[in-house]
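Single-structure report; data block below.
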Amino acid sequence: MLQYNSYMVSLRKQSRSLLSSKKASITNPRLIVLGILLKQRRPLTIDQLLKFSKRKIAQSTLYRVINDLSAFGLITEFTTPENMLVVELKGMGIDHHHHIFCEKCGSITDIELSRKLEMVIDEGVKKIEKDYSISIRDHSLELLGTCATCQEG
């Protein structure tokens with residue numbers, strides 16, 4: 001029991017530190033969301049955040065917190081192929097990365113591409129910018145499939 005409590009205190013301390021680093025006011029809903037993202041260390045949907053928060057945060061409050069944390073540069077947001085909002089912490093050791101989506105269970109896995117493949121994609125993006133006279137600020141690669149757990153079941 002003691003180990004669990006010190007772990008939770010550590011998550012809360014890390015959450016406070018993240019907010020302080022951005023000079024953001026420290027509120028309980030922000031601490032809860034950051035604590036969940038720190039503990040899970042993976043992208044999460046709104047439904048997953050609500051579930052892990054044990055409904056301590058109203059959905060409307062959660063959306064406000066996500067907007068705030070995104071504006072502070074602490075999280076990134078993206079949508080799944082099913083148009084579900086997903087959030088993840090920025091700077092968790094992986095900078096630019098992509099995702100694999102399991103079409104059965106909805107799990108999302110972060111992946112890093114080889115430097116060579118990223119360079120090929122970047123060259124393609126630059127060509128698209130030139131061909132279509134558009135300025136592209138970011139790109140993502142979405143891989144859809146069935147995870148190992150769902151393949152077994």
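Count residues from 1 along the sequence. Atoms considered below: every heavy atom in the structure, side chains included; atoms not considered: hydrogens, waters and symmetry mates.
Put simply, the side chain of D122 reaches to within 4.5 Å of the side chain of H139, judged on heavy atoms. Between F78 and E142 the shortest side-chain heavy-atom distance does not fall below 4.5 Å. Inter-residue side-chain proximity for L38 and L18 is flagged as met; some heavy-atom pair is nearer than 4.5 Å. Side-chain contact check for I26 versus L31: some heavy-atom pair is nearer than 4.5 Å. Residues E123 and K127 fail the side-chain proximity criterion, which asks for heavy atoms closer than 4.5 Å.
Side-chain polar atoms of E118 and S114 form no donor-acceptor pair below 3.5 angstrom. In this structure, a donor-acceptor pair under 3.5 Å is absent between the side chains of Q151 and T146.
For the atom pair NZ (K13) and OG (S10), the distance works out to 7.5 Å, reported to the nearest 0.5 Å. We find the CZ-OG1 distance between R64 and T27 to be 10.5 Å, quoted to the nearest 0.5 Å. Rounding to the nearest 0.5 angstrom, the gap separating the CD1 atom in I32 from the NZ atom in K54 is 10.5 Å.
Judged purely by atom type and a 3.5 angstrom limit, S15 uses its side chain to pair as donor or acceptor with the backbone of G35. A donor-acceptor pair under 3.5 Å links the side-chain atoms of R30 to the main chain of S25, judged by distance alone.
Taken together through direct or relayed side-chain contacts under 4.5 Å among Ile, Leu, Val, Met, Phe, Trp and Tyr, I75 and L50 form part of one hydrophobic cluster. L44 and V86 fall into different hydrophobic clusters, where Ile, Leu, Val, Met, Phe, Trp and Tyr are joined by side-chain heavy atoms under 4.5 Å apart, directly or via other members.
Between H99 and H97, the angle of the ring planes goes over 60°, which puts this pair in the perpendicular group of the 30/60° scheme.
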Verdict with supporting geometry, S107 and R42, side chain to side chain donor-acceptor pair (under 3.5 Å): CA-CA 10 Å; S107 68; R42 63 187 174 101; over 6 Å; no
Would you please test I100 and I108 for side-chain contact (heavy atoms from CB on, under 4.5 Å) and show each step? CA-CA 6 Å; I100 301 172; I108 304 164; over 6 Å; no
